[in-house]
Asker: 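Structure incoming, see below.
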Amino acid sequence: MINDTIAAISTPLGEGGISVIRVSGDEAVMRVERVFRSKLPLSAADTHTVHYGHIVDPATSERMEEVLVTLMRAPRSFTMEDVVEVSCHGGIVSVKKVLDLLLLQGIRLAEPGEFTKRAFLNGRIDLTQAEAVIDLIRAKSDKAFKVALKQVEGSLSKRIKALRHELVELMAHIEVNIDYPEHDVEEMTNAFIRDKCERVMGDIRQLLHTANQGKILREGIETAIIGRPNVGKSSLLNELAQTDRAIVTDIPGTTRDVIEEFVNVGGVPLKLLDTAGIRETSDIVEQIGVERSKTALAEADLILLVLNSSEELQEGELHMLEELADRQTIVILNKTDLPRQLDASAVERLYPQERVVELSLLEGRGVGELERAISHIFFDGKLDASDLTYVSNVRHIHLLKLALRSLEDALAANEQYVPIDMIQIDIRAAWEQLGEIIGDSVGESLIDQIFTQFCLGK
């Protein structure tokens, strides 16, 4: 199946300017040429050229579509195979008719992610770059896109390969000492092992330090907007989303379910959950909404507790302030355009200044301060996606932790003067675990599992 010719629609189904069908394989040019008619035969065309023509049913000679065909010959293509891309009119019917005709020429429908999988198997990209393609497609903010793009370009791969090179040098040194023990100076060997292990461990710890931030950029921050009814929770969601996503009225209890919306705040993706106002109520529907609000609150990474600064602090709000003080919580004093009635002493006692934001959604004041408060909690006040290599993939984080543990075991054994052939077992384990990250030592089942996460046609 690796060598056969595959095809899939690479653009979303539906109406649009164009739809693109990608074909890849050793026989891609020959099989597309069976149905493509233009002035120059496709087999005689140069690589990386675009050709105008028609898709024709060879059985009836009927013209089915007017197309542009792009030719990329191996190895100068995404898959390192011959690739032909057929651009036809956007629409469900037209693109399906062209694809069906191509499949009749002995071309197989591609599996999800199979084009990227072939790029990996043919050595064009490694596994971290392949996985970053998913992140690139799913990026929900500019910074998340930049991080994914750097990984597609190989920023993480270079770091991992450099670490493995350090370990290879160390293993080679140990092998020499095992083969020629008469030339071994024990103190020098132990010092060499210690220095190399500590250097690699330091780099791994630096990568793991970015893991939480990278995971946030990749997946977003689960953010619950909570507070009692009519304090401005839905208005806040609408302001951040720049749309009238939630209904806003003066009637308490308007929001009766949890409303979800992805927004980009200061380059950080937030999955906003606008919850029903938490209060005692006899309304059955509102009771269900309040229970869902409490569930969203329990699962949230970030809590935006909204208070109405034009009203006195209520007992239930004071209880929430105390209960959430140990969580990642930002207190928002809303409606500051109205005369202040709220005594902020309880807020100031429980929360540092950088976690309290004064906001007037009516006048559009305070949103910038909210962005800075979020950045301070999760990124120490600064977020630079251009210079740092962020580790965001759960699989990568797990393998980095395993490699770090193996090197810690090697270092501990070295300090106890364990025979170096035993120490090498842990060092080799770390080398292999790092290799799993970039795909140098990884099982076929894991590769299949990774690429099935891709959309069809990528």
Side-chain angles (χ1 to χ4, degrees), residues 1-119 122 124 130 133-140 145 152 451-458:
M1 289 178 67
I2 291 175
N3 296 320
D4 59 358
T5 300
I6 57 173
I9 301 169
S10 291
T11 46
L13 288 176
E15 293 183 4
I18 61 169
S19 292
V20 177
I21 299 169
R22 177 181 285 168
V23 184
S24 179
D26 295 341
E27 298 180 349
V29 177
M30 180 264 289
R31 294 188 185 275
V32 173
E33 195 174 40
R34 291 178 183 175
V35 298
F36 177 61
R37 301 289 182 268
S38 65
K39 289 182 178 180
L40 179 70
L42 207 56
S43 55
D46 294 332
T47 185
H48 291 75
T49 52
V50 181
H51 305 272
Y52 167 79
H54 294 85
I55 296 296
V56 176
D57 186 343
T60 62
S61 299
E62 176 192 357
R63 282 189 177 182
M64 298 182 63
E65 246 289 32
E66 183 181 25
V67 298
L68 288 174
V69 169
T70 305
L71 171 62
M72 291 164 278
R73 295 188 184 277
R76 295 174 55 203
S77 72
F78 179 64
T79 60
M80 296 189 74
E81 301 172 334
D82 285 347
V83 171
V84 179
E85 291 185 349
V86 181
S87 300
C88 53
H89 291 95
I92 297 172
V93 175
S94 58
V95 71
K96 187 178 182 303
K97 286 178 69 175
V98 174
L99 178 62
D100 288 345
L101 190 61
L102 288 171
L103 296 180
L104 288 173
Q105 311 312 310
I107 299 173
R108 174 174 62 81
L109 185 65
E111 297 172 356
E114 191 168 0
F115 294 99
T116 310
K117 183 178 179 180
R118 289 191 175 197
N122 291 330
R124 184 183 179 276
V133 171
I134 308 176
D135 297 340
L136 201 64
I137 294 168
R138 296 177 180 171
K140 298 176 179 68
F145 182 85
V152 169
F451 287 103
T452 53
Q453 299 175 50
F454 283 69
C455 55
L456 194 68
K458 188 59 185 173

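Model, not experiment: these values are computed from the prediction. Scope of the values below: all heavy atoms of this structure, side chains included, with no hydrogens, waters or symmetry mates.
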Asker: Return the minimal non-hydrogen interatomic distance between V56 and L101, and the atom names on each side.
Answerer: O-CD2, 3.7 Å
Asker: Atom OG1 of T70 and atom NE2 of H48: how far apart are they, to the nearest 0.5 Å?
Answerer: 10.0 Å
Asker: Return the set of residues passing side-chain contact (heavy atoms from CB on, under 4.5 Å) with S24 (not counting sequence neighbours), or none when no residue passes.
Answerer: I6, T79, E81, V83, F115
Asker: In Å and rounded to the nearest 0.5 Å, what is the CD to CG distance from E62 to D57?
Answerer: 6.5 Å
Asker: Carefully, step by step, assess E66 and H89 under the rule side chain to side chain contact (heavy atoms under 4.5 Å, CB included).
Answerer: CA-CA 8 Å; E66 183 181 25; H89 291 95; 3.9 Å; yes
Asker: Can you give me the closest heavy-atom contact between V86 and V32, atom names plus distance?
Answerer: CG2-CG1, 4.4 Å
Asker: Going by heavy atoms in the side chains, are V29 and L71 under 4.5 Å from each other?
Answerer: yes
Asker: Restricting to non-hydrogen atoms, name the atom on S94 and the atom on E65 that form the minimum distance, rounded to 0.1 Å.
Answerer: CB-OE2, 3.4 Å
Asker: Going by side chain to side chain donor-acceptor pair (under 3.5 Å), name the residues that satisfy it together with Q105, two or more places apart in sequence or in a different chain.
Answerer: none
Asker: Taking only residues two or more places apart in sequence, or in another chain, which ones meet E85 in a salt bridge (charged side-chain N to carboxylate O under 4.0 Å, His left out)?
Answerer: R22
Asker: Going by side-chain contact (heavy atoms from CB on, under 4.5 Å), name the residues that satisfy it together with S61, two or more places apart in sequence or in a different chain.
Answerer: none
Asker: Where do E114 and E111 come nearest, in terms of heavy atoms and distance?
Answerer: OE1-N, 2.9 Å
Asker: Minimum heavy-atom separation for L99 to L109, with atom names?
Answerer: CD2-CD1, 4.2 Å
Asker: Quick one: list whatever passes side chain to side chain donor-acceptor pair (under 3.5 Å) with S19, sequence neighbours left out.
Answerer: none
Asker: Kindly give the heavy-atom pair with the smallest separation between D82 and D26, and that separation in Å.
Answerer: OD2-O, 3.9 Å
Asker: Taking only residues two or more places apart in sequence, or in another chain, which ones meet A130 in a side-chain contact (heavy atoms from CB on, under 4.5 Å)?
Answerer: T116, I125, F451
Asker: Excluding sequence neighbours, so at least two apart, what forms salt bridge (charged side-chain N to carboxylate O under 4.0 Å, His left out) with R73?
Answerer: none
Asker: Pairs under 3.5 angstrom only: tabulate donor-acceptor contacts from the side chains of residues 36-46 to other protein residues two or more places apart or in another chain.
Answerer:
from : atom 1 : to  : atom 2 : distance (Å)
R37  : NH1    : E33 : O      : 3.3
R37  : NH1    : R34 : O      : 3.2
R37  : NH2    : R34 : O      : 3.3
S38  : OG     : L40 : O      : 2.7
S43  : OG     : E33 : OE1    : 3.4
S43  : OG     : E33 : OE2    : 2.9

Asker: What residues, two or more places apart in sequence or in another chain, satisfy side chain to side chain donor-acceptor pair (under 3.5 Å) together with R124?
Answerer: none
Asker: Enter the distance from D4:CG to I107:CD1 here, rounded to the nearest 0.5 Å.
Answerer: 10.5 Å
Asker: Can you list everything that forms a side chain to side chain donor-acceptor pair (under 3.5 Å) with H54? Sequence neighbours excluded, please.
Answerer: R63
Asker: Tell me every residue that passes salt bridge (charged side-chain N to carboxylate O under 4.0 Å, His left out) with K96, counting only those two or more places apart in sequence or in another chain.
Answerer: D100
Asker: Any side-chain heavy atom of V23 within less than 4.5 Å of one from R31?
Answerer: no
